[in-house]
Amino acid sequence: MIKAEYSNGMVKEFAKTGDYTRVTITPEKGADRVVIRTAISIIDVHELWLTSLVSGPEKRNLPWVIELDSGTDKNMPFVATFNSAGVNRGCFATTNLQDDSKIRFEMNQEMGVYNVTCTVTLCDKTENFDVILDCREMDWQDALADWRKALALPAYTYPEAAWNPVYCTWYAVHGAVTQDFVEKTCPIAKDLGFTTLIVDDGWCYDDMKRVSPTTIVSWYEMIGDWNISAPKFPDFKNHVKRIQDMGMKYMIWCAPHLWGFKSDLYKNNPGMTINNPIEGYDKMDVNKADFAPLVSKLRALAKDNNLDGLKIDFIDIVPPNIDKPNARDTEELVEALTSGLKEDNPDALIEFRQCYSTPVTLKYATQFRAGDVPFNWIMNFGRIVELRLALGNLAPVHADPAYWPFGETSENVARHMMAMMPAVPMISMDLTRLTDTEKRIIRYYVDMYNAHRELINKGEWKFLFGLSDIQAAIVENEKERMVIICDHCRFPECLKNDGRPTYVMNLSAKALPFKCENAVDAECNPTDGSCIPLAGSAVIK
């Protein structure tokens, strides 16, 4: 049974229809929310998947209670339960991606079920939406893909540059970014195969600083006015043109929700924030603030300086809330800003970060990046996988910038690069300090991405999980396959003898004993082909 209880007292009941039930919820006059109730058996359930958790062992357990808040500004309304073989045991989802919603799974130990409640806020913009309970015995990733199909999203198109490798300044220099640094670094980035630049946080204030426990307490105090720092970028417009003339797109960072305490924006608009100060800023109250001037300022910044786009950060900083809905108002801001940028430049590049990279935001951004994981190639790989699961191949998926300590081993540098292969590669090192070996490794894998970008971005991905985390990733099309191995024990089942070449990258802790062609070691040097080396790669034909 699926029951819908409206805040105006109306109750509707729907019978389950076999292993797949899909019912339509209609907004009712006088109701500002609806609570949907059902249950999912815990028989043969070992794991859960939802977008609000990071990848890792904490996802692979059965909590007493788990909650998922979703809306335009964060996450998506889908929760899967499955067994250790990855077989679906019950997915609960809705097709309402925009309204503030809360899905709650509460364990009933006596009955051996998860009692599911889904609260959805309703407004005059809410249209009919469907609730789906999918208990078909199939791979849970296929059930997730079927939910994406049920959304009936249009096929969005993206600028060609959205699929190109990116160099970002953030991890390299944090807030100490300057025109001089960018102009010294970009020729190296271009030579390594990166053709888009993101100048991250730091361009709009004069302080030269790196993130630390001391600086973070007031880090964003100057954010909000979006003026170019003249000491850091004394010739900004011409500087942008010089970078573009060498063949790179130029993007800069912004965060509309962040209003720094020392900004004129904050001082001149009292009462327009939510009064929850942190790190030198407060958050814009999207239910109150007039964001039109802010949108105009950011559009003018991009247009007047001939920028190729914006990295729009922290859209999820005010998360969905069924008690004080904000997702619809946040969407108005996002739509106004992104549509304005595209009106000024039809090929504008717009980056969103992972938490708000969901099917509903596919029409707003042009590239969707994994969450921050400096130093950690394992987590970068895991977050890319999570993002691919959420979006499928519907849009450009970007890695978080690879960043490792100077002096890192060649094996780990290679792992950083290989871990980004299910996505568009991005890097944020101080490239002026790289060794020749590091440059050779970077170039090798950027070239590999470019040679197989059709496979990577449009092929059919499949991910193998264990009881702890991702163990292998496989993508294929009619011409070729690519396999990325985290657990060497899963290697044999990833192979097919069907005549297509298979490109294997070894992220595991052991060499893979297999006779192969064109094998290289961690430093991209050819080997005898007796195995796929630790942190190496090979072609199997």
Between [Y] and [X], does any NZ, NE, NH1 or NH2 come within less than 4.0 Å of an OD or OE carboxylate oxygen?
{"X": "Arg383", "Y": "Asp400", "answer": "no"}
{"X": "Lys342", "Y": "Asp347", "answer": "no"}
{"X": "Arg353", "Y": "Asp313", "answer": "yes"}
{"X": "Lys12", "Y": "Glu5", "answer": "no"}
{"X": "Glu137", "Y": "Arg89", "answer": "yes"}

Relative to Trp219, does Lys209 satisfy both conditions: NZ or CZ under 6.0 angstrom from the six-membered ring centre, and within 45 degrees of the ring's axis?
yes

**Prompt:** Cation-pi between Lys288 and Phe291: NZ/CZ under 6.0 Å from ring centre and within 45° of the ring axis?
**Reply:**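 Here Lys288 fails the 6.0 Å and 45° test against Phe291.
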
If I compare all heavy atoms of [X] with all of [Y], which pair ends up nearest, and what's the gap?
{"X": "Trp163", "Y": "Ala395", "answer": "CH2-C, 3.8 Å"}
{"X": "Ala348", "Y": "Thr366", "answer": "O-CG2, 3.4 Å"}
{"X": "Leu301", "Y": "Asn305", "answer": "O-ND2, 2.9 Å"}

Distance from [X] atom [atom1] to [Y] atom [atom2], nearest 0.5 Å?
{"X": "Met107", "Y": "Trp64", "atom1": "CE", "atom2": "CH2", "result": "6.5 Å"}
{"X": "Asp99", "Y": "Asp32", "atom1": "CG", "atom2": "CG", "result": "11.0 Å"}
{"X": "Leu144", "Y": "Leu50", "atom1": "CG", "atom2": "CG", "result": "11.5 Å"}

Any donor-acceptor N/O pair, Asn380 side chain to Asn376 backbone, under 3.5 Å:
no

Original post:
What class does the angle between the rings of Trp140 and Trp49 fall in, given that below 30° is parallel, 30 to 60° is tilted and above 60° is perpendicular?
Top reply: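 If you compare the ring of Trp140 with that of Trp49, the planes turn out tilted.
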
Check: With a 4.5 Å limit on heavy-atom distance, are the side chains of Asp206 and Lys232 in contact?
Finding: no

Sub-4.5 Å side-chain heavy-atom contact between Lys297 and Asn227: yes

Fill in: Distance-only donor-acceptor check, side chains Thr169 and Asp200, under 3.5 Å
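No, no side-chain donor-acceptor pair sits under 3.5 Å.
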
Next on the checklist: We want to know whether Asn164 and Arg453 form a side-chain donor-acceptor pair, criterion being a heavy-atom distance below 3.5 angstrom.
Outcome noted: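 Checked: Asn164/Arg453 side chains pair up, N/O donor to acceptor below 3.5 Å.
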
**Report entry** Sequence neighbours excluded, every pair satisfying ring pair (Phe, Tyr, Trp, His ring centres under 6.0 Å) that has a member inside residues 2-38
**Finding:**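 Listed by first then second residue: nothing to list.
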
Looking at the rings of Phe375 and Tyr403, which for Trp means the six-membered one, are their centres under 6.0 Å apart?
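Centroid distance Phe375-Tyr403: below 6.0 Å, so yes.
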
